[in-house]
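These numbers come from the heavy atoms of this one structure, side chains and all, not from hydrogens, waters or symmetry mates.
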Amino acid sequence: MELEAQGKPTMNIVLLILNCILLFIGNCGGPLIMRLYFIHGGKRVWLSSWLETGGWPIILFLLIITYFYRRAKQGSSSKLFFMKPPLFIASAVIGIITGLDDYLYAYGVARLPVSTTALIIASQLGFTAAFAFLLVKQKFTSYSINAVVLLTIGAGVLALHTSNDRPNGESNKEYFAGFFMTIGASALYGFVLPLVELTYKKAKQAITYSLVMEIQMVMSLFATIFCTIGMLINKDFEAIPREARAFELGETKYYVVIVFSAILWQCFFMGAAGIIFCASSLLSGIVIAVHLPVIEILAVIFYREKFQAEKGVALALSLWGFVSYFYGEIKDNEKKKQNLVETQVPMNIPSP
């Protein structure tokens, strides 16, 4: 785990697959269990946002394990943490931004069906691409531009017809507040992903996977502190025992939902950070977006959410955007390989 994955192709592939699996678990399970909390009587948005990063001690536990592993191999000179002050400060700032994003997203999930939230979050790929271009000089192609346009239109389609999608007892004002809060969360996290990649690139120290875990832990810690302040102001800590007793699934299951929510969301954030380490922020955004059809299907199966024509159109446009992007990436890789082969072919210089 101490290897710099970029210098080891096999390790890089293993870590990439591992982090894709973590992201899949977190990205599909996180929204579903968060919606489960709200459906069965949960009302605390700040608590839900706190749970998105409150599982940071899991990463600390893993770092301690890797520390003892290094200590057994390298002796007492091994360090527990490698992060230097500038990187710590950058991670803390990104963590506070992530805390705000957590609140915006939790507010949206509290007001919208999971399937609608997932489709809106699909627009995140467009924001990620734009910010990646500005922050880390990500190159655009006609295919990536096409993907951004299609994803934006897909999210816009959802805003046109919402009367049949609104949960019972919820006003238009609450629904649209949730809609625009989710758009805000999508845009903000689309900014965070390239910002993390920029932090990796600007760090004045070697970035290892252990250091990536440290960065994610600090980000989650400060995001949790941000949400803790919101919980204190909103008196959420005092309300938890009362809310647990009134939870429709029972008090024990209330705490089970809370614990698993923290675990699943930590899988999401660690997976996203790991993919940035192994590849790029844009790929991390793409993998997040690719899970959209799975989340849609799970929401319909478990929560029997409606799947109107508007969602079908938005889903089709989103999938079209994904295919367009991947096709462009394949074409671009083929072109790079061809150029590489041409440059490596030795020139036959005739003898004098």
Side-chain angles (χ1 to χ4, degrees), residues 1-27 29-30 51-99 136 192-226 259-260 262-281 283-284 287-288:
M1 293 180 70
E2 299 307 314
L3 295 173
E4 292 182 52
Q6 287 94 335
K8 304 283 185 178
T10 303
M11 178 63 76
N12 189 68
I13 294 171
V14 171
L15 285 176
L16 183 59
I17 293 173
L18 173 62
N19 284 284
C20 284
I21 293 171
L22 282 175
L23 186 56
F24 175 80
I25 293 170
N27 196 29
L51 291 172
E52 290 183 57
T53 50
W56 63 267
I58 297 172
I59 299 178
L60 177 60
F61 176 71
L62 294 174
L63 286 171
I64 292 172
I65 291 176
T66 59
Y67 165 71
F68 282 112
Y69 175 78
R70 287 196 307 272
R71 188 181 175 89
K73 279 199 159 189
Q74 301 172 8
S76 57
S77 60
S78 299
K79 293 181 180 180
L80 177 57
F81 299 115
F82 295 95
M83 184 180 293
K84 294 179 180 179
L87 192 55
F88 177 86
I89 294 170
S91 301
V93 172
I94 298 174
I96 294 171
I97 297 173
T98 302
V136 294
V192 166
L193 291 175
L195 192 59
V196 171
E197 183 178 359
L198 181 65
T199 301
Y200 291 170
K201 290 185 174 183
K202 296 295 183 179
K204 296 179 180 180
Q205 60 182 116
I207 301 295
T208 64
Y209 193 71
S210 285
L211 187 56
V212 169
M213 292 172 67
E214 288 181 40
I215 293 170
Q216 184 55 47
M217 185 187 72
V218 173
M219 286 171 54
S220 295
L221 172 60
F222 277 86
T224 304
I225 292 172
F226 177 88
V259 170
F260 272 90
I263 294 172
L264 287 169
W265 281 116
Q266 204 54 230
C267 288
F268 169 84
F269 283 109
M270 193 61 240
I275 292 174
I276 294 173
F277 169 68
C278 296
S280 68
S281 57
L283 179 61
S284 187
V287 175
I288 291 170

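The CE atom of Met217 lies 5.5 Å from the CG atom of Leu60; values are rounded to the nearest 0.5 Å. A distance of 9.5 Å separates CD of Glu197 from OG of Ser284, quoted to the nearest 0.5 Å. Atoms CZ and CZ, from Phe222 and Phe88 in turn, are 4.0 Å apart once rounded to the nearest 0.5 Å. In this structure, SG in Cys267 is found 12.0 Å from CZ in Phe24, a value given to the nearest 0.5 Å. In this structure, Thr224 OG1 and Ile96 CD1 are separated by 11.5 Å, a value rounded to the nearest 0.5 Å. Atom SG of Cys278 is separated from atom CD1 of Ile17 by 10.0 Å, given to the nearest 0.5 angstrom.
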Let me have the donor-acceptor pairs involving side chains of residues 80-87, under 3.5 Å, with sequence neighbours excluded, atom names and distances please.
none

Kindly list each side-chain donor-acceptor pair under 3.5 angstrom involving residues 269-277, sequence neighbours excluded, with atom names and distances?
none

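In this structure a side-chain-to-backbone donor-acceptor pair under 3.5 Å is present from Asn19 to Leu15.
Closest non-hydrogen pair, Ser210 versus Thr66, comes out as OG-OG1, 4.4 Å. The two residues Met219 and Ile94 have their closest heavy-atom pair at CE-CG2, 3.5 Å. Taking each heavy atom of Trp265 and Leu51 in turn, the nearest pair found is CB-O, 4.1 Å. Here the closest non-hydrogen pair linking Thr199 and Ala90 is CG2-CB, 4.1 Å.
Take Ser91 and apply the side-chain hydrogen bond (donor to acceptor under 3.5 Å, both in side chains) test, not counting sequence neighbours, and it matches no residue. Applying the side-chain hydrogen bond (donor to acceptor under 3.5 Å, both in side chains) criterion to Lys73, with sequence neighbours excluded, gives Tyr69. Applying the side-chain hydrogen bond (donor to acceptor under 3.5 Å, both in side chains) criterion to Thr98, with sequence neighbours excluded, gives no partner residue.
Within the structure, the side-chain hydrogen bond (donor to acceptor under 3.5 Å, both in side chains) test picks out the following pairs touching residues 212-222 (sequence neighbours left out): Gln216-Ser220, Ser220-Gln266.
The shortest side-chain heavy-atom distance between Ile65 and Phe61 falls under the 4.5 Å cut-off.
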